[in-house]
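One structure is given here, and the rest of the page talks about it.
Order of the sequence lines sets the chain letters (A, B, ...), proteins ahead of strands, with each chain counted from 1. Side chains are part of it too, since the values below use all heavy atoms of this structure and drop only hydrogens, waters and symmetry mates. Small disclaimer: the values here were computed from a predicted structure and weren't measured.
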2 protein chains.
Amino acid sequence: MSLHCNSLHIAVAAQYGLGMALDHAILVSLHERSATGYDLARRFDASIGRFWRASHQQIYKVLGRMEAAGLVASELVVQDGRPDKKVYSITADGTAELVTWLATPTPREALRSEFAVKLRAMHLGDRATLVAQVRQRRDEHVEQLAYYEASREKYYPAPPSPDSEEAGPYLVLRGGISGERHAISWCDEILAFVGQS
Amino acid sequence: MSLHCNSLHIAVAAQYGLGMALDHAILVSLHERSATGYDLARRFDASIGRFWRASHQQIYKVLGRMEAAGLVASELVVQDGRPDKKVYSITADGTAELVTWLATPTPREALRSEFAVKLRAMHLGDRATLVAQVRQRRDEHVEQLAYYEASREKYYPAPPSPDSEEAGPYLVLRGGISGERHAISWCDEILAFVGQS
DNA sequence: TTACTCATGTAATGAGTTACATGATTTA
DNA sequence: TAAATCATGTAACTCATTACATGAGTAA
């Protein structure tokens, strides 16, 4: 990488201080495959979205900002029978920004659990409502787990090589699976504790 | 509860639509014990704060809003040698709001994991950096787990009754413990996968 | 004819962070 | 003499959500 490109990249990285995490999530997604804002919104609703959710409005806003900063570039594709679309791709600067970001330490994310806050105050409510809510929550986690496990069987019948491009997505999926299992077992513990297992 | 009080409470609940979750976290904390904004900031930094983090600026803002809405009331306490302080307490309306909120369904919180996004793009970075980051993250979870387990031994040598006021905090703490264990085992899986266990 | 998919946005509002501001007392 | 504790806030800003807006094609 040339010196010029490097200093440009440092300037861009300075603009992109920590905390602009949606930006990086989009860059990662675009690095995997170019896409329209609409496509990204759907991706964030499906695979990646289980770990990072974003509305299309927010995505368009961030895409515009990143295009102005030169991290992504768009190409207008005219379609007939369908609205025209802008296909976004990551640029060299965008990839450089990603690499810098990868090397920066990741702050512990503040896990904000409204459920935990409610649980803490459970003695103020009635038990039947609590049990119903925990059961519903458990069901959602079971459903999510099934979805993850189906994905794992479909896309990774055998674990990929640690050096391949699939290594990251695979490990994230494994984290999703164990995360759902943990959530389910916590629900079970709560139900057992209040005597409704 | 009188009809008048009931309709008042419905009006307040209407103002407090879903999504104002810090408000409810503060109400829960004040229901446990009256406190100043400063106290709350410290509580959010310690016990509750592991599940809900908030800055003192944000807390003061929300306290002002909730006092205007009649959910909390403050009493000025003049001190000498120290700055005067405002001690906030939850009101009957505040407690009613909490009870209503407890009965409303809890939407699945969008888990935003910057770490997961980075992991997904790991093939763009070098392995040593990844390993160092995962190790550091693991250490933090180990430390947090030790803190939780010490709390559990200290405050709950035996599990509380499911009907007591401690039941909620106890279950939240248990969730914290199993959550940390899960996080640690995910880190271990990642390290083993990239061959650095 | 109702609703869904494709496709892109603006406007208003709310939630949260960072920086700034003050000032006495106590501890190292 | 420097820093930490106690105590409360304002101002500026960013991030994210909700509501609103348009409009053709396609499937039930």
Task: Pairing residues for B:Gln136 by the side chain to side chain contact (heavy atoms under 4.5 Å, CB included) criterion, not counting sequence neighbours - done: B:Glu140
Could you state the [atom1]-[atom2] distance from [X] to [N], rounded to the nearest angstrom?
X: B:Tyr38; N: D:dA4; atom1: OH; atom2: P; value: 12 Å
X: A:Asp39; N: C:dT5; atom1: CG; atom2: P; value: 15 Å
X: B:Arg65; N: D:dT10; atom1: CZ; atom2: P; value: 14 Å
X: B:Ile59; N: C:dG16; atom1: CD1; atom2: C1'; value: 12 Å
X: B:Tyr60; N: C:dT22; atom1: OH; atom2: P; value: 17 Å
X: B:Lys85; N: D:dG9; atom1: NZ; atom2: C1'; value: 17 Å
X: B:Gln58; N: D:dA12; atom1: CD; atom2: P; value: 17 Å
X: B:Asp23; N: C:dA15; atom1: CG; atom2: P; value: 7 Å

Open item on the list: Distance check, rounded to the nearest 0.5 Å: A:Leu71 atom CG versus A:His24 atom NE2?
Closed with: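 It is 8.0 Å, given to the nearest 0.5 Å.
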Task: Gap between atom CG of B:Leu30 and atom OG1 of B:Thr95 - 0.5 Å precision - done: 10.0 Å
Open item on the list: If you assign each of B:Arg112 and B:Lys86 to its closest nucleotide in DNA chain D, which residue comes earlier from the 5' end?
Closed with: B:Lys86
- [ ] Kindly give the cluster partners of B:Val87, where membership spreads through any ILVMFWY side chain lying under 4.5 Å from a current member.
- [x] B:Val77
- [ ] Rounding to 10 degrees, work out the angle separating the end axes of the helix from C:dT1-D:dA28 to C:dA28-D:dT1 (five pairs an end).
- [x] 40°
Task: Donor-acceptor pair under 3.5 Å, A:Lys61 side chain vs D:dT17 base - done: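 Result: at least one qualifying N/O pair found.
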Side-chain N or O of [X] less than 4.0 angstrom from OP1 or OP2 on [N]?
X: B:Thr36; N: D:dT8; value: yes
X: A:Arg42; N: C:dA7; value: no
X: B:Gln79; N: D:dA7; value: yes

Open item on the list: The criterion is side-chain hydrogen bond (donor to acceptor under 3.5 Å, both in side chains); which residues satisfy it with A:Glu67, sequence neighbours excluded?
Closed with: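 Result, side-chain hydrogen bond (donor to acceptor under 3.5 Å, both in side chains) vs A:Glu67: A:Ser74.
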TODO: Please say which of A:Val28, A:Leu27, A:Asp23, A:Thr106 ends up in a side-chain contact (heavy atoms from CB on, under 4.5 Å) with A:Trp101.
DONE: A:Val28
Open item on the list: Does anything in residues 170-187 of chain A form a side-chain hydrogen bond (donor to acceptor under 3.5 Å, both in side chains)? List the pairs, not counting sequence neighbours.
Closed with: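 Pairs touching residues 170-187 of chain A that pass the test: A:His141-A:Glu180, A:Glu149-A:Arg181, A:Arg174-B:Glu189, A:Ser178-B:His182, A:His182-B:Ser178.
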Open item on the list: Hydrophobic clustering (ILVMFWY, side-chain heavy atoms < 4.5 Å, transitive) - are A:Leu171 and B:Val131 grouped together?
Closed with: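 Yes: a chain of side-chain contacts under 4.5 Å links B:Val131 to A:Leu171.
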- [ ] Check whether the side chains of A:Glu75 and A:Ser89 place a donor and an acceptor atom closer than 3.5 Å, and report yes or no.
- [x]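 No, no side-chain donor-acceptor pair sits under 3.5 Å.
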TODO: Summarise how protein sits on nucleotides 20-28 of chain D as a single string, 5' to 3': B when a protein heavy atom is under 4.0 Å from the base, S for sugar-phosphate-only contact, - for no contact.
DONE: B--B-S---
